Asker: 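Before I ask anything, here is the structure I am working with.
Everything numeric in this text was worked out from a predicted model, so none of it was measured. Just so you know, residue 1 is the first one in the sequence shown, and it goes up from there. When reading the values below, keep in mind they use all heavy atoms of this one structure, side chains included, and skip hydrogens, waters and symmetry mates.
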Amino acid sequence: IYARREAMRILFRKTATKIAGFYAAGGEHQAGIGILKKLVAEDSSDEYVHRLLMRFHSETGSKYQALKQFEQCRAALKNLGIEPEPETLN
């Protein structure tokens with residue numbers, strides 16, 4: 001049952017991430033940001049979600065929020081003893 005639960009959790013996160021992307025593509029970045037913030041609150045080590053948040057903030061002109069999100073990502077990964085991926089650093 002644990003494996004099935006984990007598979008459902010992964011599917012939910014992938015679906016939610018896609019929905020956030022659809023919102024952003026439609027110009028509704030704040031709706032996408034809201035979804036992604038919930039995902040990152042559940043799993044602060046999800047670097048991909050952090051990257052999307054950084055991108056969405058940047059696309060809306062919120063450079064400060066994008067940088068703040070990067071710092072949160074880096075801190076979460078540091079707690080796990082790992083560095084951000086090159087894609088996150090660029």
Side-chain angles (χ1 to χ4, degrees):
I1 192 159
Y2 176 77
R4 183 175 176 150
R5 184 178 297 155
E6 182 63 13
M8 294 302 292
R9 186 187 75 78
I10 290 169
L11 178 61
F12 170 79
R13 291 183 68 81
K14 285 182 180 181
T15 302
T17 301
K18 285 184 181 187
I19 291 169
F22 290 141
Y23 274 123
E28 297 185 41
H29 287 81
Q30 292 307 317
I33 288 170
I35 291 170
L36 296 174
K37 282 185 174 184
K38 289 177 184 176
L39 293 177
V40 91
E42 287 179 3
D43 181 1
S44 63
S45 68
D46 191 332
E47 193 169 354
Y48 178 70
V49 172
H50 280 287
R51 276 198 303 268
L52 286 177
L53 277 164
M54 288 183 265
R55 190 180 92 213
F56 290 3
H57 284 306
S58 182
E59 288 174 355
T60 60
S62 300
K63 304 292 183 188
Y64 172 77
Q65 290 297 330
L67 180 59
K68 187 175 169 183
Q69 192 65 49
F70 171 75
E71 293 298 335
Q72 290 174 4
C73 176
R74 185 164 56 180
L77 296 175
K78 184 177 182 179
N79 286 337
L80 297 173
I82 57 177
E83 293 293 321
E85 296 174 353
E87 187 175 353
T88 303
L89 298 172
N90 293 328

Asker: Atom CD1 of I1 and atom CD of E6: how far apart are they, to the nearest 0.5 Å?
Answerer: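 These two atoms lie 13.0 Å from each other.
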Asker: Which pair of non-hydrogen atoms, one from S45 and one from L77, has the smallest distance, and what is that distance?
Answerer: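 Of all heavy-atom pairs spanning S45 and L77, the closest is O-CD2, 3.9 Å.
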Asker: Return the CD to CZ distance between E59 and F56, rounded to the nearest 0.5 Å.
Answerer: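 Output value for this atom pair is 6.5 Å.
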Asker: Could you check whether any side-chain heavy atom of M54 comes within less than 4.5 Å of a side-chain heavy atom of H57, counting everything from C-beta outward?
Answerer: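 Side chain of M54 against side chain of H57, heavy atoms only: no contact under 4.5 Å found.
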Asker: Check side chain to side chain donor-acceptor pair (under 3.5 Å) between K18 and all other residues, then give those that pass, not counting sequence neighbours.
Answerer: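 Here no residue qualifies.
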Asker: Closest heavy-atom contact between H29 and A24?
Answerer: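 In terms of heavy atoms, the two residues are closest at CE1-O, 3.5 Å.
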Asker: Got a second to check how far E71's CD is from K78's NZ, nearest 0.5 Å?
Answerer: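 Reported to 0.5 Å precision, the distance equals 10.5 Å.
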Asker: Do you reckon I33 sits in the same ILVMFWY cluster as L67, going by side-chain contacts under 4.5 Å, direct or chained?
Answerer: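 No: no chain of side-chain contacts under 4.5 Å links I33 to L67.
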Asker: Does a sphere of radius 6.0 Å around CZ in F70 hold more than 12 heavy atoms from other residues, nucleotides or ligands, not counting ones at 6.0 Å or beyond?
Answerer: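 Above 12, so yes.
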Asker: Using the test side chain to side chain contact (heavy atoms under 4.5 Å, CB included), find all partners of R13 that sit at least two apart in sequence or belong to another chain.
Answerer: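 Scan of R13 (side chain to side chain contact (heavy atoms under 4.5 Å, CB included), adjacent residues dropped) gives R9, L39, E42, D43, D46, V49.
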Asker: State the OG1-NZ distance between T17 and K14, to the nearest 0.5 angstrom.
Answerer: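 One gets 10.0 Å once the value is rounded to the nearest 0.5 Å.
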Asker: If I take atom NZ from residue K68 and atom CG from residue L53, how far apart are they, to the nearest 0.5 angstrom?
Answerer: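 Output value for this atom pair is 12.0 Å.
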Asker: Once you round to the nearest 0.5 Å, how far does CD of Q30 lie from NZ of K37?
Answerer: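 Spacing of CD (Q30) from NZ (K37) equals 7.5 Å.
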Asker: Throw together a table of side-chain donor-acceptor distances under 3.5 angstrom for residues 82-90, partners on residues two or more places apart or in other chains.
Answerer:
| from | atom 1 | to | atom 2 | distance (Å) |
| --- | --- | --- | --- | --- |
| E85 | OE1 | R51 | NH1 | 3.1 |
| T88 | OG1 | E47 | OE2 | 2.5 |
| T88 | OG1 | R51 | NH1 | 2.8 |
| N90 | ND2 | P86 | O | 3.2 |

Asker: Do T15 and L11 have side chains that get closer than 4.5 Å, going by heavy atoms?
Answerer: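 Sidechains of L11 and T15: in contact.
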Asker: Provide the closest heavy-atom pair for S44 versus A76 in the form atom of the first, atom of the second, distance.
Answerer: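 Between these two residues, the closest heavy atoms are O-CB, 3.1 Å.
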Asker: Work out which heavy atom in A66 is nearest to a heavy atom in S58; give both atom names and the distance.
Answerer: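 Looking at all heavy atoms of both residues, the shortest contact is CB-N, 4.1 Å.
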